[in-house]
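Contents: one structure, followed by commentary.
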Amino acid sequence: QRKTMATVGRIKLGSQGLDVSAQGLGCMGMSFMYGPPKPESDMINLIHHAVNTGVTFLDTSDVYGPHTNEILIGKALKGGWREKVQLATKFGITKEDGKMAIRGDPAYVRAACMGSLNRLDIDCIDLYYAHRIDNRVPIEVTVCLYNTQMGLVSTTERPALSSAEMISLTSPATRHRRR
């Protein structure tokens, strides 16, 4: 008897409706946190296997490694694999003087996004969001920069938004392109 594999469903995320697999693959443990990094070739094969079985929503962050997880994911997405996945990565956690710090200031957010695009070696991040919220920076400042400087909306195209509306903008499926 031949076993048949269950089909992984699809769902829409947020108000903009990014279509992703209902099951995602969190990639943190591949190169960070849970013991030593795993062999790169094994992790690339694992990612490809997940995609081939319908798990196409991959999640990483610039803090994982730091940076090594995004580099691994970038390698796995070469050779046509990028077009088969929806990719999420995060910003907001850094290390300063050996201690974890939370950042949401405009200069950091822009640099973090550009760094992620470069490490992943891609032109577009499908879902880019704050890993943690910097309570020292109003969310409006983090998100307005994140939307205007990343080329998503112009401040002249959008009326002023409330803090609650700004907070809701940090998690919808929002594409960020390399400029």
Side-chain angles (χ1 to χ4, degrees), residues 8-33 37-95 103-133 142-154 169-179:
V8 177
R10 310 278 307 167
I11 60 171
K12 299 228 182 263
L13 292 183
S15 62
Q16 296 174 359
L18 177 66
D19 185 56
V20 301
S21 59
Q23 181 178 352
L25 180 61
C27 299
M28 179 179 74
M30 294 178 179
S31 59
F32 176 72
M33 191 61 80
K38 314 308 177 272
E40 186 175 276
S41 61
D42 290 353
M43 295 302 97
I44 290 171
N45 287 337
L46 175 63
I47 291 166
H48 291 172
H49 176 74
V51 173
N52 284 333
T53 58
V55 178
T56 61
F57 186 37
L58 308 181
D59 178 76
T60 185
S61 173
D62 62 355
V63 75
Y64 302 160
H67 310 302
T68 56
N69 198 250
E70 287 183 331
I71 293 167
L72 169 68
I73 303 310
K75 289 177 181 179
L77 297 181
K78 298 277 185 243
W81 290 93
R82 172 62 181 111
E83 292 74 26
K84 298 176 182 182
V85 303
Q86 300 76 51
L87 182 61
T89 193
K90 301 174 282 293
F91 68 91
I93 301 176
T94 64
K95 282 204 173 190
R103 291 192 57 191
D105 57 280
Y108 163 75
V109 174
R110 179 151 183 83
C113 185
M114 294 301 112
S116 290
L117 286 165
N118 288 328
R119 284 185 295 276
L120 290 160
D121 196 20
I122 58 174
D123 292 323
C124 177
I125 298 168
D126 300 310
L127 177 60
Y128 189 60
Y129 63 104
H131 210 154
R132 300 287 187 278
I133 301 297
T142 300
V143 176
C144 278
L145 161 99
Y146 168 50
N147 283 318
T148 59
Q149 287 195 6
M150 301 303 177
L152 296 174
V153 294
S154 161
L169 286 175
T170 62
S171 59
T174 307
R175 291 179 167 248
H176 294 278
R177 296 192 181 276
R178 196 181 315 197
R179 292 182 165 258

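When a residue number appears, it is its place in the shown sequence, counting from 1.
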* Could you give me the CA-CA distance, side-chain angles and deciding distance for D105 and R110, then say whether salt bridge (charged side-chain N to carboxylate O under 4.0 Å, His left out) is met? => CA-CA 9 Å; D105 57 280; R110 179 151 183 83; over 6 Å; no

* Asked: Would L25 and D59 satisfy side-chain contact (heavy atoms from CB on, under 4.5 Å), going step by step from the backbone distance to the final call?
  -> CA-CA 6 Å; L25 180 61; D59 178 76; over 6 Å; no

* To do: Determine, step by step, whether S116 and I125 satisfy the side-chain contact (heavy atoms from CB on, under 4.5 Å) criterion, reporting the C-alpha distance in whole Å, the side-chain angles of both residues, the deciding distance to 0.1 Å, and the verdict.
  => CA-CA 9 Å; S116 290; I125 298 168; 4.1 Å; yes

* To do: Please assess D19 against Q86 for the test side-chain contact (heavy atoms from CB on, under 4.5 Å), listing each intermediate value before the final yes or no.
  => CA-CA 8 Å; D19 185 56; Q86 300 76 51; over 6 Å; no

* For V63 and T94, run side-chain contact (heavy atoms from CB on, under 4.5 Å): C-alpha distance rounded to whole Å, both residues' side-chain angles, the deciding distance at 0.1 Å, then the answer. => CA-CA 7 Å; V63 75; T94 64; over 6 Å; no

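Of all heavy-atom pairs between V109 and Y128, the closest is O-OH, 3.8 Å. Across S61 and H131, no two heavy atoms sit closer than the pair OG-ND1, 3.1 Å.
Atom CG of D42 is separated from atom NE2 of H49 by 13.0 Å, given to the nearest 0.5 angstrom. Annotation: the span from T142 atom OG1 to I133 atom CD1 amounts to 7.0 Å, rounded to 0.5 Å. Atom-to-atom distance recorded for I73:CD1 and K78:NZ is 12.0 Å, nearest 0.5 angstrom. In this structure, the separation between OH on Y108 and CZ on F91 is 7.5 Å, given to the nearest 0.5 Å.
Under the side chain to side chain contact (heavy atoms under 4.5 Å, CB included) test applied with T60, the options E70, R119, K90 reduce to a single match, E70.
Between L120 and L87 there is a side-chain heavy-atom pair separated by less than 4.5 Å. The closest side-chain heavy-atom distance from M30 to I47 is below 4.5 Å. Side-chain contact check for V85 versus L77: some heavy-atom pair is nearer than 4.5 Å. Between T68 and L72 there is no side-chain heavy-atom pair separated by less than 4.5 Å. Residues K75 and I71 have side chains in contact (heavy-atom distance under 4.5 Å, counting atoms from C-beta outward).
R10 and T56 are linked by a side-chain donor-acceptor pair at a separation below 3.5 angstrom, with hydrogens and angles left out of the test. Side-chain polar atoms of N69 and S31 form a donor-acceptor pair below 3.5 angstrom.
Proximity of a side-chain donor or acceptor of S21 to a complementary backbone N or O of F57 within less than 3.5 Å is detected. In this structure, Y64 contributes its side chain and C27 its backbone to no donor-acceptor pair below 3.5 Å.
Under the 6.0 Å cut-off for aromatic ring centres, F32 and H67 do not qualify, their centroids lying 6.0 Å or more apart.
Salt bridge annotation for D126-R82: present, with a cationic side-chain nitrogen under 4.0 angstrom from a carboxylate oxygen.
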